[in-house]
Amino acid sequence: MGENLFANYGEVVAMLLFGIGFANLLLQKNLIKKIIGLNVMDSAIYLFLALKGYIIGRIDPIIIDGDLNAERYINPVPSGLVLTGIVVSVSVTALMLSLTIRLYQRYHTVDLDEISILLRKEGK
Amino acid sequence: MDLICNFPCISIVMCILGGIVSSALKGRAAKYLNAVILLAATIMSASVFGYTIMTGESFTYVMGRFPAPWGNELRAGVLEGGMALFFCVIMTLSLFGGQEKLHTEIEPQKLNLYYILCDLLLSSLLSLVYTNDLFTAYVFVEINTISACGLIMISQTGRTIEAATRYMIMSLLGSGMLLLGICMLYDMTGHLLMENIHQTLRASVTAGKFHVPLMITIGMLCVGIAIKSALFPFHTWLPDAYGYSTVSSAAILSSLVSKGYIFLLIKLIYRVIGFDVIYASRVTDILFVFGVAGMIIGSLSAIKENDIFRMIAFSSVAQIGYIYMGFGLGTQAAMVASVFHILSHAVTKALLFLSAAGLADASDGSRRFLDLTGSGYRNRIAGIAFAAGALSMVGIPLFSGFISKLLFAEASVRNSGKMLPAMIALAISTILNAIYFMKTVIRIYTPVKTDQGTILLKKHKLFAASMACFIALNIFLGLCSDWIVDLIETGLEMFV
């Protein structure tokens, strides 16, 4: 168990980061900190995916000298997945930030609990 | 390859294109485009459904003609075709039913934005139903979340923006876990297509490899989707999100969005991980416990509620609990019951939300129970529709709710270990359902002297027609349940 942790230290880091991001997104009251947590969580997954695609001793999958031997190159699929994932997480982040701006303009705070209290006072 | 085999792909692409074109259109034009798209998608899904019933087998559509382990695929069987048809029909009826109200709820210049979101939502629902590729499923899960968030906050009040924010936060937690689960599956198997993952996983399970990672992955996938579909303890965002958004949005969100995720979970259970593996992993027991807890606590919260929309929303929590309880029972019969309950709940909940809006209109827009007294006389169509929906939710024979409760009860009898808790939970939840729904029905039919005018059928033909369709669909599900249950069974067998 212990040597596995050391051999796969990249994955361990990715999982720790995922946990940190997840906890921040769930537990922070401040919306901006929540969004930072979201980005840390997503980036951790992309780190994990990128690590899965990388094979030590191989080169990036761009054919230059006509060498079609797949054994020379790393796995390109995870890189494609990471790119797609980044697009998704950018759009989600943009949406979250715009929601935060709307809430801030209305209630002059980015604390979600305070906003809930203010809403209850409004009584609607 | 027959022409019909292209329909799943065409319907998805058509919806996305419709969304893009709508952004350049005026509200009215976008509305007509949306209606055309809905109609076309309904016809296409119906023909896919009919085609799979006729041929008796599923078909796979290869996107871009890249062969199996590398390319992206769509797949349609009886259950997929039927679900797609059902989603299209419910969406059409919900939009038509809430259309008149919609014009009063959102600003005219924003009307086309609403229809963009509807088009995108439909495209993502269809993709979730048809896709055979896990990463595509993830991307469309996110598109679904984004468009659902837009539907919640289209009428920009403080409440809806806050509800949308809470919805996004919970949803993103869920999709993070879902994505991590998919990545771990990819790590273990090296595939993204469902069949390939299934074969590789089966080989490693028989070889006894990857036991711990597989358990964690199953947990991640199940919990991720459970968060997104608002299973109890993750339901806190739901009452606000459904209760304060526009009526059509509430109907669509409660009856379709969470169902799309649940359908994805069914596909994961059957086509990716394998029914027996999931069941042996005991994750289903956790789903069972939370499902049962949701059934009771959702109903209890609904009883305490003083706002008719929030009451219906809390009732959704209970109904989602029923579906997960079916997953937790872990038998084929229970799965059939869950799928039937998806249909039954979608039909009934959309009906309830729309008719509740009609009742509120007849009471100066108030949603408090006190003001709703006697509103069944002031808006007769909405009153009848609400009563029909309430009867179905409680489980009166003739309506679809009765059949799903019956199927759950039958399924739980066959599972010796969980029979007692499932039966008790069903009984308690039915009684609680009866308490809050019958209380409401009695209240809206209590005569009261007021100066509020009655709402006439003539002025709201579209609303009345959509209510009539919903009631007819509900009774159809209740009366033709044998045929539908047979179809669901065939569809589930085609999954493997």
Side-chain angles (χ1 to χ4, degrees), chain A residues 1 11 14-15 18-19 21-28 31 34-35 37-42 44-53 75 77-78 80-82 84-85 87-89 91-96 98-107 110 112 115-116 118-120 122-124, chain B residues 69-70 72 133-136 138-143 145-150 152-153 156-188 190-192 212-213 216 220 224 227 234 236 240 243-244 307 367:
Chain A
M1 194 71 189
E11 281 85 346
M15 287 303 123
F18 180 85
F22 191 87
N24 270 298
L25 179 55
L26 183 63
L27 301 174
Q28 287 285 357
L31 278 169
K34 269 187 192 292
I35 296 169
L38 162 72
N39 281 307
V40 171
M41 182 178 84
D42 281 351
I45 300 174
Y46 307 143
L47 174 64
F48 180 77
L49 258 181
L51 281 167
K52 288 295 132 194
N75 181 2
V77 177
L81 299 185
V82 169
T84 319
V87 172
V88 171
S89 98
S91 41
V92 178
T93 310
L95 182 59
M96 279 297 286
S98 73
L99 282 171
T100 311
I101 292 171
R102 282 285 156 85
L103 284 175
Y104 184 75
Q105 282 172 344
R106 232 169 248 262
Y107 300 106
V110 286
L112 200 52
I115 292 170
S116 298
L118 286 173
L119 272 170
R120 220 165 293 148
E122 269 182 21
K124 272 191 274 182
Chain B
W70 296 287
N72 196 342
D133 178 285
L134 276 186
F135 205 78
T136 312
Y138 164 71
V139 171
F140 279 100
V141 160
E142 289 291 29
I143 294 179
T145 308
I146 293 172
S147 39
C149 175
I152 294 171
M153 55 168 286
Q156 299 228 338
T157 62
R159 275 280 189 196
T160 53
I161 298 175
E162 195 241 21
T165 315
R166 286 194 185 276
Y167 171 73
M168 277 306 274
I169 291 164
M170 284 317 266
S171 236
L172 291 172
L173 288 171
S175 43
M177 292 186 86
L178 179 68
L179 178 60
L180 191 59
I182 291 172
C183 292
M184 284 165 86
L185 272 181
Y186 180 69
D187 180 22
M188 278 184 279
H191 290 292
L192 284 170
V212 177
I216 294 171
M220 286 273 180
I227 294 177
F234 310 116
T236 41
D240 280 356
Y244 298 107
D307 176 322
R367 301 138 54 127

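So you know, we letter chains A, B, ... as the sequences are listed, proteins then strands, and number each from 1. We use all heavy atoms of the structure for the numbers below, so side chains are in, but hydrogens, waters and symmetry mates are not.
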Heavy-atom cut-off 4.5 Å, strictly under: side chain, backbone, both or neither for L192(B) against chain A? side chain
Residue pair L134(B) / Y138(B), side-chain heavy-atom distance below 4.5 Å: no
Between I115(A), L49(A), L112(A), the one whose heavy-atom pairs under 4.5 Å with chain B are most numerous: L112(A)
Do K52(A) side-chain atoms and D187(B) backbone N/O form a donor-acceptor pair below 3.5 Å? no
Answer with side chain, backbone, both or neither: which region of F48(A) has an atom nearer than 4.5 Å to a non-hydrogen atom of chain B? side chain
By a 4.5 Å heavy-atom criterion (distance strictly below it), what part of L25(A) contacts chain B: side chain, backbone, both, or neither? both
Interchain contact, S89(A) with chain B, by part (heavy-atom threshold 4.5 Å): neither
Which atoms of M153(B) come close to chain A, meaning under 4.5 Å heavy atom to heavy atom: side chain ones, backbone ones, both, or neither? side chain
D240(B) meets the salt bridge (charged side-chain N to carboxylate O under 4.0 Å, His left out) criterion, sequence neighbours left out, with R310(B)
Can you list the steps and then say if L172(B) with M96(A) is a side-chain contact (heavy atoms from CB on, under 4.5 Å)? CA-CA 10 Å; L172(B) 291 172; M96(A) 279 297 286; 3.9 Å; yes
Are the side chains of R102(A) and Y107(A) in touch, meaning some heavy atoms are under 4.5 Å apart? no
Contacting region of L38(A) [heavy-atom separation from chain B under 4.5 Å]: side chain
Sorted by chain and residue number, the side-chain hydrogen bond (donor to acceptor under 3.5 Å, both in side chains) partners of T93(A) (sequence neighbours excluded) come out as N39(A)
